[in-house]
Amino acid sequence: MQQVTTRNDPAPSRLTYRMQRLMLTPLFRILLRVGVPFCLTFSVATIYLSDEDRQAAIQATFADLRKQIETRPEFMVTELSIEGASANVEEDIREIFPFDFPASSFDIDLEHVRNMIVGLPAVAEASVRVRQGGVLVAKVTEREPVAVWRTWDGLGLVDKQGYVVAEISSRLDRSDLPVIAGKGGDKDVPGALSILQAAAPLGDRVKGLVRMGERRWDVVLDRGQRILLPDENPVRALERVIVLDEVQDMLERDVVVVDMRLAERPTVRMNEHALEEWWRVTEMMAGTDNQ
């Protein structure tokens with residue numbers, strides 16, 4: 001009787017077939033080649049870094065390395081240079097500067113320094129940068145005072161926007177600037193300058209302007225004279241007074257006040273001596289008429 005020989009089936013098992021098909025998938029091969037090593041590395045690193053002493057040691061190492069880089073000579077600032085500032089403003093900037101030299105450029109907040117400088121009353125604009133050679137340069141644009149503002153608290157210099165630039169102890173400190181006074185005078189500096197410009201024909205007789213009721217201006221002249229201007233079109237009203245003065249020498253007479261608040265009805269107020277003289281002449285004329 002002939003013996004039958006059994007052969008192994010060359011076809012793979014179902015599990016082997018599925019594994020082979022899975023290995024042919026590009027995504028699976030990428031996960032196997034990259035994902036598994038990453039997960040293993042991440043797990044090992046997590047376990048290693050979970051120790052607080054190791055964390056502290058790593059942080060100290062990185063901090064020391066950072067400090068070594070930040071304190072290299074090419075990153076150190078050793079000097080403050082201020083451009084465009086007067087002596088007083090430069091002194092104020094150096095006084096409020098919050099860092100000691102030498103200092104690392106990484107530790108200096110340039111925007112913070114700029115904001116501190118701009119916060120000074122006399123400074124309009126400023127820019128801050130670190131120049132080669134370890135020099136911190138602050139370029140300053142100062143506010144330009146255009147008038148002396150007199151208040152109950154003293155004398156101050158104001159610019160066109162009404163910002164108080166600085167305080168002065170005496171009018172003589174800035175005799176080249178006009179004087180404005182009164183509450184709210186700093187709120188209408190452009191208007192005051194326009195009036196002063198229109199008052200130029202009066203020359204040195206103009207002593208200044210006074211803000212009245214926070215809404216209008218009075219022009220103060222020498223000899224105690226005043227021109228009361230309206231709150232609307234004050235320049236035009238002042239020009240009318242100047243024309244009358246040029247034609248009739250009105251301001252050269254015994255006039256105390258020229259009231260232009262009502263454009264349709266200007267009023268002139270005489271001083272006490274002129275009134276007495278007027279009444280005396282009036283009485284004389286009345287006596288003559290009675291005779």
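The figures here come from the full heavy-atom set of this structure, side chains too, leaving out hydrogens, waters and symmetry mates.
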Considering all heavy atoms, the nearest P121-V165 contact | CB-O, 3.8 Å
Connected via hydrophobic side-chain network under 4.5 Å: I93 and V118 = no
Out of R215, R261, R216, which residue meets the salt bridge (Lys or Arg N to Asp or Glu O under 4.0 Å) rule with D231?
-> R215
Minimum-distance pair of heavy atoms, taken over all atoms of R171 and L177 = NH2-O, 2.5 Å
Please answer whether the main-chain N or O of L155 pairs with a side-chain N or O of E167 as donor and acceptor at a distance below 3.5 Å.
-> no
Taking everything shown except E83 itself, do over 12 heavy atoms lie less than 6.0 Å from its CD?
-> yes
Main-chain N/O of V210 paired with D218 side-chain donor or acceptor, under 3.5 Å | no
At their closest point, which heavy atom of G133 faces which heavy atom of T78, and how far apart are they?
-> O-OG1, 4.3 Å
Is a donor on one side and an acceptor on the other found under 3.5 Å between the side chain of R131 and the backbone of S81?
-> no
What closest approach, in Å, do A192 and L209 show between heavy atoms, and which atom pair accounts for it?
-> O-CD1, 3.5 Å
V123, V113: one ILVMFWY side-chain cluster at the under-4.5 Å cut-off?
-> yes
Would you tell me whether Q225 and R205 have side-chain atoms, one donor and one acceptor, within less than 3.5 Å of each other?
-> yes
Counting distance only, does the side-chain N/O of W217 pair as donor-acceptor with the main-chain N or O of G191 below 3.5 Å?
-> no
Would you say N115's side chain and H112's backbone share a donor-acceptor pair under 3.5 angstrom?
-> no
Pairwise side-chain contact, V256 with R226, heavy-atom cut-off 4.5 Å (strictly under) | no
Quick check: does any side chain N or O of R223 sit under 3.5 Å from a backbone N or O of D254, one acting as donor and the other as acceptor?
-> no
Can you name the closest pair of heavy atoms from K160 and L193 and give their distance?
-> CG-CD1, 4.2 Å
Is any side-chain heavy atom of I117 closer than 4.5 Å to a side-chain heavy atom of I82?
-> no
With sequence neighbours excluded, what pairs up with F99 under the ring pair (Phe, Tyr, Trp, His ring centres under 6.0 Å) test?
-> F97
Please answer whether the main-chain N or O of L80 pairs with a side-chain N or O of R94 as donor and acceptor at a distance below 3.5 Å.
-> yes
Kindly give the heavy-atom pair with the smallest separation between E246 and P201, and that separation in Å.
-> OE2-CB, 4.4 Å
